[in-house]
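What follows is one structure encoded as structure tokens, with my remarks underneath.
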Amino acid sequence: MRVFVSATILSFILWLLLTFNGSLWQADEILAGIVFSILAGLITAKINIKEHKNLSLTRWLMFIAYFPRFFYEMAKANFDVAYRVITGKIKPGIVKISPGLKNNLSVTLLANSITLTPGTLTVEVDEDKNLYVHWINVRDDFFQEHEEKCRCKYVCSTFPDWARRIGE
Amino acid sequence: MNVFMLTLALMGISVLIAMIRAILGPTIPDRVVGLDTINTLVISGMLVYGAAVKEIIYIDVAIVYALLSYITTVLIAKYLEGGKL
Amino acid sequence: MIWWIIYVCLGIGIVFNLLASLGLLRFPDVYTRLHAGTKCTTFGSIFIATAVMVYGLYEWWKGNDAMISMTVHSFLALLAILITNPTGAHAIARAAYRSGVKPAGAVVDELGGEKDD
């Protein structure tokens with residue numbers, strides 16, 4: 001039921017955004033939107049989403065607060081890749097990190113963040129939610145570090161904390 | 001000269017370079033990477049063209065193209081993996 | 001003034017899109033190519049979509065009411081790119097690894113089973 005209501009509301013907001021053209025909506029547009037949103041909600045309700053309890057308002061606000069930090073890291077990542085495209089200096093490798101996240105939502109968020117930020121690309125996630133990350137320029141002092149928390153810091157700075165705050 | 005048309009021409013060049021990789025690519029994943037890059041470039045090209053001719057319909061097409069090209073990429077990747085679809 | 005914002009955004013977008021395709025040509029294997037092909041095109045698309053959004057707002061402010069939907073729709077297209085691009089890259093990387101492509105010149109490969117220590 002909860003999935004049905006949230007899916008319907010989200011589809012209806014999307015419909016309103018897509019049909020907005022400078023003036024207010026007509027009555028028949030809104031009616032068609034309600035009908036199609038309920039249809040979309042009915043189809044989505046059949047899919048078993050385990051973590052639907054977690055999406056509260058504070059998490060949405062936290063997600064928005066995450067954006068400036070994320071955008072900064074992303075800009076840094078792009079200048080890094082641009083530098084490597086021009087000079088061709090690379091030292092690739094695949095490393096394993098265990099951020100210790102528990103549910104799918106936070107792991108998805110972390111994996112996507114890792115893919116878009118400095119020199120790293122998620123290759124594989126295993127059963128225990130360990131991430132295997134392709135790193136374009138492996139740092140030498142990474143191997144001296146054996147504590148898991150510090151290893152995460154090299155690859156993805158403070159993203160696991162953000163993912164935990166948003167997703168769990 | 002409309003600045004959006006100039007942008008579109010320059011983006012056409014990057015599509016051509018990405019296409020070289022899609023043709024050359026020694027392995028199939030290389031070709032898929034080239035295709036994925038071309039897809040993203042075409043989406044931003046559609047946005048720019050919509051702004052150049054002041055038609056909103058091209059931007060709607062870009063949204064649909066983005067979602068469809070994502071499904072295509074995931075489908076090819078799943079096929080390469082050899083798992084069940 | 002408003003045109004200069006559009007020029008700068010379009011310029012940054014073009015530069016990063018060109019870098020993405022150059023990186024695609026220069027890098028040695030699939031994984032490094034994915035780095036170039038995903039990050040740079042996403043970043044370039046953000047700036048190009050921003051330019052189109054600013055242009056739509058400008059036209060709307062000049063009195064062309066329907067152009068506000070250009071801004072809204074460009075934002076939705078940008079959102080679609082932002083969500084789907086890293087997921088697609090992850091799918092390709094996993095498929096490449098499982099179909100047996102090894103990372104070229106890798107100094108460490110902890111996914112391959114053998115540990116470094």
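Keep in mind the model is a prediction, meaning the values are calculated, not measured. Here is how names work: the chains are called A, B, and so on, in the same order as the sequence lines, proteins then strands, and each is numbered from 1.
Contact check for Ile59(B) versus Val52(C): side-chain heavy atoms found under the 4.5 Å cut-off. For the pair Lys78(B)/Arg94(C), a side-chain contact is recorded, criterion being any heavy-atom separation below 4.5 Å from C-beta on. Contact check for Ser44(B) versus Asn17(C): side-chain heavy atoms found under the 4.5 Å cut-off.
Comparing Thr87(C), Thr38(C), Val30(C), Ile6(C) by how many heavy-atom pairs each has under 4.5 Å with chain B, the most go to Val30(C). In terms of non-hydrogen atom pairs under 4.5 Å with chain C, the most contact-rich of Ile71(B), Asp60(B), Ile13(B) is Asp60(B). Of the listed residues (Ala51(C), Ser74(C), Ala80(C)), the one with the most heavy-atom contacts under 4.5 Å to chain B is Ser74(C). Among Leu78(C), Thr42(C), Asn85(C), the residue making the largest number of heavy-atom pairs under 4.5 Å with chain B is Asn85(C). Here Leu24(C) is the residue among Leu19(C), Leu24(C), Leu76(C) with the most heavy-atom pairs under 4.5 Å with chain B. Ranked by non-hydrogen atom pairs under 4.5 Å with chain C, the options Ile38(B), Thr27(B), Leu41(B) are led by Leu41(B). Counting heavy-atom pairs under 4.5 Å between each of Ala18(B), Gly50(B), Ala51(B) and chain C puts Ala51(B) at the top.
Remark: Tyr49(B) engages Tyr58(B) in a ring pair (Phe, Tyr, Trp, His ring centres under 6.0 Å) (not counting sequence neighbours). Tyr55(C) pairs by the ring pair (Phe, Tyr, Trp, His ring centres under 6.0 Å) definition with Phe4(B), Trp3(C), not counting sequence neighbours.
Applying the 6.0 Å contact sphere to OH of Tyr65(B) captures more than 12 heavy atoms from other residues, nucleotides or ligands. Counting heavy atoms of neighbouring residues, nucleotides and ligands inside a 6.0 Å radius, atom CD1 of Ile28(B) does not exceed 12 of them.
Minimum interatomic distance between Pro26(B) and Arg33(C) (heavy atoms only, all atoms of both residues): CD-NH1, 4.3 Å. Of all non-hydrogen atoms in Pro29(B) and Ile92(C), the two that sit nearest each other are O-CG2, 4.4 Å. Listed here is the closest heavy atom pair of Ile17(B) and Ser21(C): CG2-O, 3.6 Å.
The distance from atom NE2 of His73(C) to atom CD1 of Ile57(B), rounded to the nearest 0.5 Å, is 9.5 Å. Taking OG1 of Thr84(C) as the start and CG of Asn39(B) as the end, the distance is 9.5 Å to the nearest 0.5 Å. Atom CD1 of Ile56(B) is separated from atom CD1 of Ile68(C) by 10.0 Å, given to the nearest 0.5 angstrom. Expressed to the nearest 0.5 Å, how far OG1 of Thr7(B) lies from OH of Tyr7(C) amounts to 9.5 Å.
Both the backbone and the side chain of Leu47(B) come within contact range of chain C, with heavy atoms under 4.5 Å apart. Residue Asp36(B) touches chain C through its side chain alone, counting heavy-atom pairs closer than 4.5 Å. Proximity to chain B (any heavy atom under 4.5 Å) is restricted, for Ile48(C), to the side chain, taken from C-beta onward.
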